[in-house]
Amino acid sequence: MTLSDYFSHYLVASKILKFLGLALVCTMVSVIIIIISAKSYAKGRSKTARQRAFAARAYNLTERYYEMIFSATSILSFLSAYYIIERFVTEGAFHDFWAEHSDMLLLVMIILSCVINSAFDRVYVPLRNVTTQQKGSVRLIGMLYIILIFMYIKFIYENNNYDGFIIYFLGLMVGRYAYFDSSFKDFVTTIKNASHNIPLLLLGLANTAIMCLYGFSTKYLLRSNGVLVSTFFAHLFLVIAIFIVYHTRFIRLFVKVKEKKGSRRIEEYEEYDEPEEEYYDEDGGYIEDYSEYDNDEEYYDDYEGGYDE
């Protein structure tokens, strides 16, 4: 099989549309589940505070879910590239170069995956309702997400080809979040913050399972092409679905916010990047102490465009 034959299987228009349709359904259902969760979180407050807490929580959790999918997809992108090179580049000058410098090239791929992740959440779908700290915690969960996929491949499909990747990622997680100058308290805080995203992890894994089950059962995804690469293609469709759901403002059907004419103010408050952590608790919930503002309603109109009563 040539590389052209390998990819031509995935370019059948009718199959693409069906798979994209499934990805859209999975993404929209996920957003609805998150919104229901945010609604229950806001109970027991005054009407105004409840509206604010609900909207902030809904946007924050939704964007954390998007970030997790972006993180997992960017990791899968370089792993898939590594797999394809190993499979198809079997001779020639590049093969010799790859064989000699594969470890260094893998490091370059990791750096590129970080660039891809940043492009996803800053340009492709700007995520402005999550803090830098929350993004870090979600990316840790994204790495765990990939390890769980590897474990599924190993024990369910009984495929041992990815054992090296599993060990590598375990080491990468430890190296990323348990460095030499960190205290035990820092480590515990990191794990605690990451644990808040476990429900999102389960939601993401459920969507991955649905996409892969449908893909393998319809032969759009092929085990013979590599389970890892097939999983990457499934996530690529989820990323496209997120783009569509985000830019069609699907969430606005359930979370009503005011916005200035021709503006999407709730998604455009980068000038608040520095102080924004003051307004969210460690679990992404909104902190309701606005006493430092003389007119908190005026402030909220500036910060997030205001909310409907």
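Here the structure is a predicted model, which is why all the values come from computation and not from measurement. When reading the values below, keep in mind they use all heavy atoms of this one structure, side chains included, and skip hydrogens, waters and symmetry mates. Counting from 1, the numbers follow the sequence of the chain as shown.
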Original post:
Got a donor-acceptor contact below 3.5 angstrom from the Y246 side chain to the P126 backbone?
Top reply: yes
Subject >> F254 vs F250, ring-ring contact (aromatic ring centres under 6.0 Å, His included): CA-CA, chis, key distance, verdict >> reply: CA-CA 8 Å; F254 309 95; F250 176 74; 5.4 Å; yes
**OP:** Check the pair R64, N60 against side chain to side chain contact (heavy atoms under 4.5 Å, CB included), reporting the backbone distance first and the verdict last.
**Re:** CA-CA 6 Å; R64 276 197 268 171; N60 180 263; 3.0 Å; yes
Subject >> Exercise: identify the closest heavy-atom pair between Y83 and G226 >> reply: OH-CA, 3.6 Å
Original post:
Looking at CZ of F70 and OG of S77, how far apart are the two atoms once the value is rounded to the nearest 0.5 Å?
Top reply: 13.0 Å
Subject >> I35 side chain reached by V31 side chain, heavy atoms, under 4.5 Å >> reply: yes
Subject >> Side-chain heavy-atom pair E100, D96 within 4.5 angstrom cut-off >> reply: no
Subject >> Side-chain (S74) to main-chain (S71) donor-acceptor, under 3.5 angstrom >> reply: yes
Subject >> Residues Y82, L106; criterion side chain to side chain contact (heavy atoms under 4.5 Å, CB included); working and verdict >> reply: CA-CA 7 Å; Y82 188 93; L106 181 59; 3.7 Å; yes
Original post:
With a 4.5 Å heavy-atom cut-off, do I242 and V125 have their side chains touching?
Top reply: yes
Subject >> Point-to-point distance, once rounded to the nearest 0.5 Å, from CD1 of I149 to CG of L76 >> reply: 5.5 Å
**OP:** Start with the C-alpha gap between F237 and Y220, add the side-chain angles, then the distance that decides, and say whether side chain to side chain contact (heavy atoms under 4.5 Å, CB included) holds.
**Re:** CA-CA 13 Å; F237 277 88; Y220 181 66; 3.5 Å; yes
Subject >> Residues in side-chain contact (heavy atoms from CB on, under 4.5 Å) contact with L22, at least two apart in sequence or another chain >> reply: C26, I210, M211, Y214
Subject >> Closest non-hydrogen atom pair, I85 against M109 >> reply: CD1-CE, 3.5 Å
Original post:
So do V229 and L79 actually touch side chain to side chain, heavy atoms under 4.5 Å?
Top reply: no
Original post:
Are L213 and F232 co-members of a hydrophobic cluster defined by side-chain heavy atoms under 4.5 Å apart?
Top reply: no
**OP:** Identify whether I34 and V25 are in the same connected component of the hydrophobic contact network (ILVMFWY, side-chain heavy atoms under 4.5 Å).
**Re:** yes
**OP:** Please report the closest heavy-atom contact between S137 and N193, naming both atoms and the distance.
**Re:** OG-CB, 3.3 Å
Original post:
Which residue pairs satisfy the salt bridge (charged side-chain N to carboxylate O under 4.0 Å, His left out) criterion with at least one member in residues 65-92, sequence neighbours excluded?
Top reply: E67-R139
**OP:** Just say parallel, tilted or perpendicular for the rings of Y10 and F233, cut-offs at 30° and 60°.
**Re:** parallel
Original post:
Taking only residues two or more places apart in sequence or in another chain, which ones pass ring-ring contact (aromatic ring centres under 6.0 Å, His included) with Y66?
Top reply: none
Subject >> Common cluster, L253/V245, ILVMFWY with side-chain heavy-atom separation under 4.5 Å >> reply: yes
Original post:
Is F78 reachable from I111 through a run of I, L, V, M, F, W or Y residues, each pair having side-chain heavy atoms under 4.5 Å apart?
Top reply: no
Original post:
For I240, which residues count as a side-chain contact (heavy atoms from CB on, under 4.5 Å) partner, sequence neighbours excluded?
Top reply: L20, Y124, I244
Original post:
Do V227 and T231 come close enough that some side-chain heavy atom pair is under 4.5 Å?
Top reply: yes
**OP:** Look at atom CZ of R122 and say whether more than 12 heavy atoms of other residues, nucleotides or ligands are closer to it than 6.0 Å.
**Re:** no
Subject >> Rounded distance (nearest 0.5 Å) linking atom CG of L200 with atom CD of E63 >> reply: 12.0 Å
Original post:
How far apart are the closest heavy atoms of N207 and S30, and which atoms are they?
Top reply: ND2-OG, 2.7 Å
Original post:
Hey, any chance L112 and L228 share a hydrophobic cluster, counting ILVMFWY side chains that come within less than 4.5 Å of each other, even indirectly?
Top reply: no
Subject >> Side-chain donor or acceptor of S37 paired with backbone N/O of I33 under 3.5 Å >> reply: no
Original post:
If you look only at pairs with a residue in residues 14-27, which of them pass as a side chain to side chain donor-acceptor pair (under 3.5 Å), with sequence neighbours excluded?
Top reply: none
**OP:** Tell me, please, which residues at least two apart from Y145 pass ring-ring contact (aromatic ring centres under 6.0 Å, His included).
**Re:** H235
**OP:** Measure the CD1-CG distance between I75 and N117 for me, rounded to the nearest 0.5 Å.
**Re:** 7.5 Å
**OP:** Working to the nearest 0.5 Å, report the span between CD1 of I153 and CG of L148.
**Re:** 11.5 Å
Original post:
When rounded to the nearest 0.5 angstrom, what distance separates CD1 in I116 from OG1 in T73?
Top reply: 10.0 Å
**OP:** Without swapping roles, check the side chain of S230 against the backbone of L222 for a donor-acceptor pair under 3.5 Å.
**Re:** yes
Original post:
Just by modelled atom types, is the Y59 backbone N or O under 3.5 Å from a matching donor or acceptor in the T62 side chain?
Top reply: no
Original post:
Under 4.5 Å between any side-chain heavy atoms of Y6 and I84, yes or no?
Top reply: yes
Subject >> A234 versus L221, closest heavy-atom pair with distance >> reply: CB-CD1, 4.4 Å
Original post:
Where is the tightest heavy-atom contact between R57 and A38, given as atom of each residue plus distance?
Top reply: CG-CB, 3.6 Å
Original post:
Side chains of Q134 and N197: donor-acceptor distance under 3.5 Å anywhere?
Top reply: no
